[in-house]
Amino acid sequence: MKYAYYPGCSLNATGIEYNISTKAVAKHLGLELWEIPEWNCCGASAAHNKDHLLALALPARNLAIAEKEDLDVAVPCAACYCRMKATQMEVRNSAEMKKTIEEVIEMEYSAKNEVKALLDVMVNHVGLDEIKEKVVKPLSGLKVASYYGCLLVRPPELGFDDPEDPQTMDNLVQTLGGTPVNWSFKVECCGAGHSTAKPAVGLQMIEAILRDAKENEADCIIVACPLCFLNLDMHQKDVTSGQDLNLPIFYFTELMGVAMGYSPKELGMEKHFVNPVPLLEKKEILRHPSARREEA
Amino acid sequence: MEEYNLNEALGNAKSFRQKIEEKSGVKLSDCYQCGKCAAGCPVAFAMDYTPRQIIRLLQVGLFEEALQAKSVWLCAACETCYARCPHGVGIPKIMEAVRIEADKKGIKPEKTLDLFTNLFLQSVEKYGRVHEMGMMVRYNILSLKPFQDATSAPKLFFTGKISPLPHKIKDNGAVKKIFENVRAKGGNV
Ligand code: SF4
Ligand code: SF4
């Protein structure tokens with residue numbers, strides 16, 4: 001199975017462990033990821049708040065390069081995924097917009113290939129059965145709150161799962177041997193860039209999510225977006241009750257990697273702000289099941 | 001509540017309403033003011049007008065109020081309102097369209113959000129990608145918050161999460177060209 005891979009800016013920077021763990025896990029599963037050469041920023045929320053055409057054209061250049069190779073595109077970042085899907089849909093729906101975008105990027109782009117969230121690719125295309133076969137260190141006794149946030153599942157016509165009660169990551173957690181937590185904030189908004197540009201607002205949104213996970217007795221939160229991660233991990237210490245929360249945040253690819261036997265270091269986990277290793281040690285997840293004291 | 005002369009407002013404002021409807025692809029009369037959007041909006045607590053009220057302002061022709069609203073800048077484009085609206089009203093698209101119109105008129109009630117957006121796009125135009133560290137340093141200086149996130153900086157730096165040097169893509173100027181071409185078509189960049 002081969003996909004074009006669009007990491008996006010964050011995965012080269014603050015979301016670097018998402019990139020590292022994605023590459024490790026994909027290789028392990030025989031999923032070939034062809035990184036789009038010299039890809040550019042998708043424009044994120046900045047471009048669409050400024051100019052509609054710019055917001056469509058920036059993703060289009062990357063998609064056009066992938067289209068030349070006739071490959072579907074796998075996108076790890078939820079925000080990039082949403083922007084790229086928006087471009088693909090506009091081009092499919094309007095011949096006029098297709099022409100305008102092609103004029104702006106000075107390339108042909110007909111949106112014949114698919115854009116997929118990396119989570120969707122892993123769970124629904126590689127498949128849970130394949131993943132299950134590779135699990136050697138099941139996440140036994142680990143209570144995981146799956147946090148989807150906004151742009152993986154909304155707007156509804158872009159997403160691949162239910163916009164109010166998605167299950168893709170919960171099913172993955174179960175497959176990895178963990179326990180999905182039932183909680184209310186799985187699709188609440190983390191405020192995206194507000195934590196930086198409007199902290200009084202952003203931090204309140206982040207805290208509400210963390211507290212709800214904690215109140216529902218989650219040991220940790222799993223995410224599929226570098227911005228969600230940054231907000232819940234790095235900014236955890238900045239929210240009012242942050243010091244006491246001590247709630248490790250994982251990319252779903254990291255927990256896949258752990259269950260497949262990779263060490264936290266190989267997955268880039270030493271880069272987290274909230275150190276997740278003590279939790280994994282406490283639950284004996286880094287040991288082979290036969291060497292664990294008992295199944296929790 | 002203040003009183004407005006609705007007739008006057010409705011009269012001179014038809015074109016602005018049309019513009020917003022065209023840009024957003026949303027028919028403002030589709031909203032029947034049920035308020036479900038406002039109830040679920042995660043940013044409503046910080047807004048001056050709820051999403052429902054923004055639509056109301058536009059429906060009744062109070063465009064100046066809508067253009068001055070902080071709400072359209074605070075909207076996180078999370079799409080919750082759209083997912084829940086019983087009538088499929090694309091509120092995030094309206095927020096976006098009003099924000100762009102305000103921006104074009106130089107109305108920027110949320111200075112830091114405006115600055116963040118502009119620095120982000122400048123970085124993309126220059127390097128093809130966002131250079132997070134360069135952008136944050138400029139943001140902190142220009143927003144006069146030199147120590148924001150300062151406690152996170154060393155860890156970000158030493159784990160290689162942020163780098164002092166930008167990564168410039170080798171695209172033969174393709175991204176700069178995109179910005180130029182959008183400008184040539186009258187874009188707001
Ligand atoms: S939920 Fe829809 S119909 Fe109800 S007030 Fe909001 S936009 Fe109008
Ligand atoms: S898209 Fe904007 S207005 Fe709608 S719920 Fe989210 S923050 Fe509120």
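In what follows, chains carry the letters A, B, and so on, assigned in the order in which the sequence lines appear, proteins first and then strands, with residues in each chain numbered from 1.
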Chain A interface, residue from B:V124, B:V182, B:T117 that has the most non-hydrogen pairs under 4.5 Å: B:V182
Proximity breakdown for A:T196 and chain B, heavy-atom pairs closer than 4.5 Å: both
Engaged part of A:Q204 at the chain B interface, taking heavy atoms whose separation is under 4.5 Å: side chain
Under 3.5 Å: donor-acceptor pair, side chain of B:N172, backbone of B:A174: no
Options B:V72, B:D171, B:T80, ranked by heavy-atom pairs under 4.5 Å with chain A, top entry: B:T80
salt_bridge(B:E101, B:K104) N-O dist < 4.0 Å: yes
Exceeds 12 heavy-atom contacts within 6.0 angstrom, atom NZ of B:K93: no
A:H194, part contacting chain B, at a heavy-atom distance under 4.5 Å: side chain
Atom group of B:M95 that falls short of 4.5 Å from chain A, counting heavy atoms: neither
Under 4.5 Å from a heavy atom of chain B, the part of A:P199 involved: side chain
Heavy atoms of other groups near A:E157 CD, more than 12 under 6.0 Å: yes
Leading residue by heavy atom contact count with chain A [cutoff under 4.5 Å; candidates B:A97, B:A83, B:C75]: B:A83
Contact origin within A:A13 toward chain B - heavy atom pairs under 4.5 Å: both
Under 4.5 Å from a heavy atom of chain B, the part of A:T14 involved: both
Pairs of heavy atoms under 4.5 Å with chain A: top-ranked of B:A76, B:S123, B:P42: B:P42
Part of B:D103 within contact of chain A (heavy atom distance under 4.5 Å): side chain
SB check B:E21 B:R17 (cutoff 4.0 Å): no
Contacting region of B:Y139 [heavy-atom separation from chain A under 4.5 Å]: side chain
Over 12 foreign heavy atoms within 6.0 Å of NZ, A:K265: no
A:L151 portion near chain B, given a 4.5 angstrom heavy-atom threshold: side chain
Under 4.5 Å from any heavy atom of chain A - which part of B:N118: side chain
Among B:E110, B:H167, B:K23, B:K111, residue most engaged with chain A (heavy-atom pairs, under 4.5 Å): B:E110
B:K108, NZ atom: more than 12 neighbouring heavy atoms under 6.0 Å: yes
Note: A:K23-A:E35 ion pair, threshold 4.0 Å (strictly below): yes
Proximal component of B:L74, with respect to chain A [non-hydrogen, under 4.5 Å]: both
